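To start, the structure under review is shown below, and the notes come after it.
For reference, positions follow the sequence shown, starting with 1. We use all heavy atoms of the structure for the numbers below, so side chains are in, but hydrogens, waters and symmetry mates are not. Predicted model, so just to flag it, every value in this text is computed and none were measured.
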Amino acid sequence: MKSVTAGCLDIHYHETGPETGDPVILLHGFPYDPRAYDAVAARRATQGFRCLVPYLRGYGPTRFLSPHTMRSGQQAALGADLLAFMDALSIPTALLGGYDWGGRAACIVAALWPGRVRGLVSCGQGYNIQNIAQAGAPAPAVEEARYWYMYYFHTERGRAGLTQNRHDLCHHIWQIWSPSWRFDAATWAASAPSFDNPDFVEIVLHSYRHRFGGVPGDPAYDAIEAQLAAQPDIPVPAIVLQGGDDGVDPPTRHDPHRPHFTGFYARQIIDGAGHNLPQEAPEAFAAAVLTLAARAAQG
């Protein structure tokens, strides 16, 4: 494991492959950690790629530099963290891959700083940038039911539950979001310590409260949030992967996010995979990275 000072954080990350290789930055979601990419990174590293997998803010050993920094989980903060990570490591451009929170960070950088991104693998919804202005519009009941955890985290009971029962809660989410993934105790035990980060609870609560417009964000990210409010398109080459068994973002026949991608675009539904797609279907994710790398090499 390595670490680097990036923006307001001391970001810890795993690096696999040669330092001179084409950089691939892989970003985990909630409630997961870099272990989700072990198999993906191993596959690409053997082909000469430099794979970097950071712990997001609030996870594992990543820490804030100051106790006074707002423990924000808003989307703009995640995007800013990724950009700062690239700057700190002097990475001018990279292939990005992510899902859930990590997919959001990757989509934000691809949309707002496309010159820094050679290709994007995004899982779940694909276009992972939140439309906060429309967050109050109700969804169909079956969809609202899948978002129970978001509503739970809006309550003080939810704060207490996430504080006291975080491992039980996160383990349950793993099961219902990936119903066909038969992960074992060792797989869970490898990731569970990442949720013991002292800022985990505050960042998770802020993330879900902010996305519904219920709490203000960190003023430091107001300019980025203003750009995201316009729902910017993503011009970089992109592959969207969706788990056919995803329990929180199940794919639909219609692809509502397609119009937001203005460059090369491909969408694949991976049968037998759920929400934690890179860990459940590493072959498909690694293949998508390789496809985008080949396109980038061709110019």
Side-chain angles (χ1 to χ4, degrees), residues 1-16 25-42 45 51-67 69 71-73 77-78 81-82 84-85 88 97-106 123-124 149-150 152-153 158-178 181-208 247-248 274-282 285:
M1 188 184 300
K2 298 182 178 181
S3 66
V4 65
T5 298
C8 62
L9 298 170
D10 177 26
I11 296 179
H12 286 242
Y13 63 99
H14 296 282
E15 182 172 346
T16 311
I25 303 176
L26 305 169
L27 302 135
H28 68 85
F30 166 84
Y32 306 96
D33 83 333
R35 298 276 71 79
Y37 288 105
D38 283 352
V40 173
C51 297
L52 304 146
V53 192
Y55 290 84
L56 300 188
R57 56 169 57 200
Y59 292 81
T62 289
R63 294 291 188 273
F64 285 88
L65 300 177
S66 169
T69 302
R71 270 39 178 176
S72 170
L78 301 177
D81 291 347
L82 173 55
F85 181 70
Y99 68 108
D100 200 270
W101 288 22
R104 186 158 300 117
C123 300
Y149 63 102
M150 298 187 189
Y152 184 53
F153 294 152
R159 178 191 296 275
L162 187 59
T163 301
Q164 300 171 24
N165 306 318
R166 71 185 71 185
H167 286 191
D168 178 54
L169 180 60
C170 293
H171 188 274
H172 178 65
I173 286 175
W174 277 31
Q175 292 176 312
I176 62 175
W177 287 2
S178 299
W181 183 32
R182 300 292 179 253
F183 62 90
D184 57 21
T187 300
W188 164 254
S191 291
S194 290
F195 314 139
D196 293 327
N197 182 295
D199 299 310
F200 178 76
V201 171
E202 289 303 317
I203 288 174
V204 170
L205 295 180
H206 186 266
S207 174
Y208 291 106
V248 68
H275 192 65
N276 186 16
L277 197 143
Q279 196 161 6
E280 298 176 62
F285 198 103

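- Remark: Ala77 pairs with Arg57, Ser72, Gln74, Tyr221 by the side-chain contact (heavy atoms from CB on, under 4.5 Å) rule, at least two apart or across chains.
- Remark: the backbone N or O of Asn197 is not paired with any side-chain donor or acceptor of Tyr59 at under 3.5 angstrom.
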Could you give me the CA-CA distance, side-chain angles and deciding distance for Phe200 and Phe30, then say whether side-chain contact (heavy atoms from CB on, under 4.5 Å) is met? CA-CA 10 Å; Phe200 178 76; Phe30 166 84; 3.9 Å; yes

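- Taking both residues in full, the closest heavy atoms of Gly97 and Tyr37 are given as O-OH, 3.7 Å, listed atom of the first, atom of the second, then distance.
- Here Asp100 pairs with His275 under the side-chain hydrogen bond (donor to acceptor under 3.5 Å, both in side chains) rule; sequence neighbours left out.
- Qualifying salt bridge (Lys or Arg N to Asp or Glu O under 4.0 Å) partners for Arg35, counting only residues two or more places apart in sequence or in other chains: Asp38.
- Pairing each heavy atom of Pro54 with each of Ile25, the nearest pair is CD-CG2, 4.2 Å.
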The test is side-chain contact (heavy atoms from CB on, under 4.5 Å); show your working for Ile203 and Trp101 and say whether it passes. CA-CA 12 Å; Ile203 288 174; Trp101 288 22; 3.8 Å; yes

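- The two residues Leu78 and Ala105 come nearest to each other via the heavy atoms O-CB, 3.5 Å.
- With values rounded to the nearest 0.5 angstrom, Gln175 atom CD is found 9.5 Å from Arg182 atom CZ.
- Annotation: the span from Ser191 atom OG to Gln279 atom CD amounts to 5.5 Å, rounded to 0.5 Å.
- Between Gly274 and Glu280, the closest heavy-atom pair is N-OE1, 2.7 Å.
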Leu162 vs Leu169, side-chain contact (heavy atoms from CB on, under 4.5 Å): CA-CA, chis, key distance, verdict: CA-CA 7 Å; Leu162 187 59; Leu169 180 60; 3.6 Å; yes

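- Within the model, atoms CG of Asn276 and OG of Ser178 stand 5.5 Å from one another, a figure rounded to the nearest 0.5 Å.
- Atom OG1 of Thr16 sits about 9.0 Å away from atom CG of Leu26, to the nearest 0.5 Å.
- Between Phe285 and Tyr99, a ring centre-to-centre spacing not shorter than 6.0 Å is recorded.
- Under the ring-ring contact (aromatic ring centres under 6.0 Å, His included) criterion, Phe183 pairs with His171, Trp174, Trp181, sequence neighbours left out.
- Residues meeting the side-chain contact (heavy atoms from CB on, under 4.5 Å) test with Asp168, sequence neighbours left out: Asn165.
- Here His167 pairs with Asp196 under the side-chain hydrogen bond (donor to acceptor under 3.5 Å, both in side chains) rule; sequence neighbours left out.
- Looking at residues two or more places apart in sequence or on another chain, you find a side-chain hydrogen bond (donor to acceptor under 3.5 Å, both in side chains) between Glu15 and Lys2, Arg50.
- With sequence neighbours excluded, the residues satisfying side-chain hydrogen bond (donor to acceptor under 3.5 Å, both in side chains) with Tyr55 are His14.
- For Phe85, the ring-ring contact (aromatic ring centres under 6.0 Å, His included) partners two or more places apart in sequence, or in a different chain, are Tyr13.
- Here CG of Asp81 is found 5.5 Å from SG of Cys8. Values are rounded to the nearest 0.5 Å.
- For Asp199, the salt bridge (Lys or Arg N to Asp or Glu O under 4.0 Å) partners two or more places apart in sequence, or in a different chain, are Arg71.
- For Asp10, the side-chain contact (heavy atoms from CB on, under 4.5 Å) partners are Ser3, His12, Leu65, not counting sequence neighbours.
- For Tyr149, the ring-ring contact (aromatic ring centres under 6.0 Å, His included) partners two or more places apart in sequence, or in a different chain, are Trp177, Tyr208.
- What you find for Cys170 and Pro31 is that their closest heavy atoms are SG-CB, 3.5 Å.
- Residues Ala88 and Val4 approach most closely at CB-CG2, 3.6 Å, considering heavy atoms.
- A donor-acceptor pair is defined here as one N or O able to donate and one able to accept, closer than 3.5 Å; no such pair exists between the side chain of His28 and the backbone of Pro34.
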Under the side-chain contact (heavy atoms from CB on, under 4.5 Å) rule, what do Leu56 and Leu27 come out as? Steps first, then yes or no, please. CA-CA 8 Å; Leu56 300 188; Leu27 302 135; 4.0 Å; yes

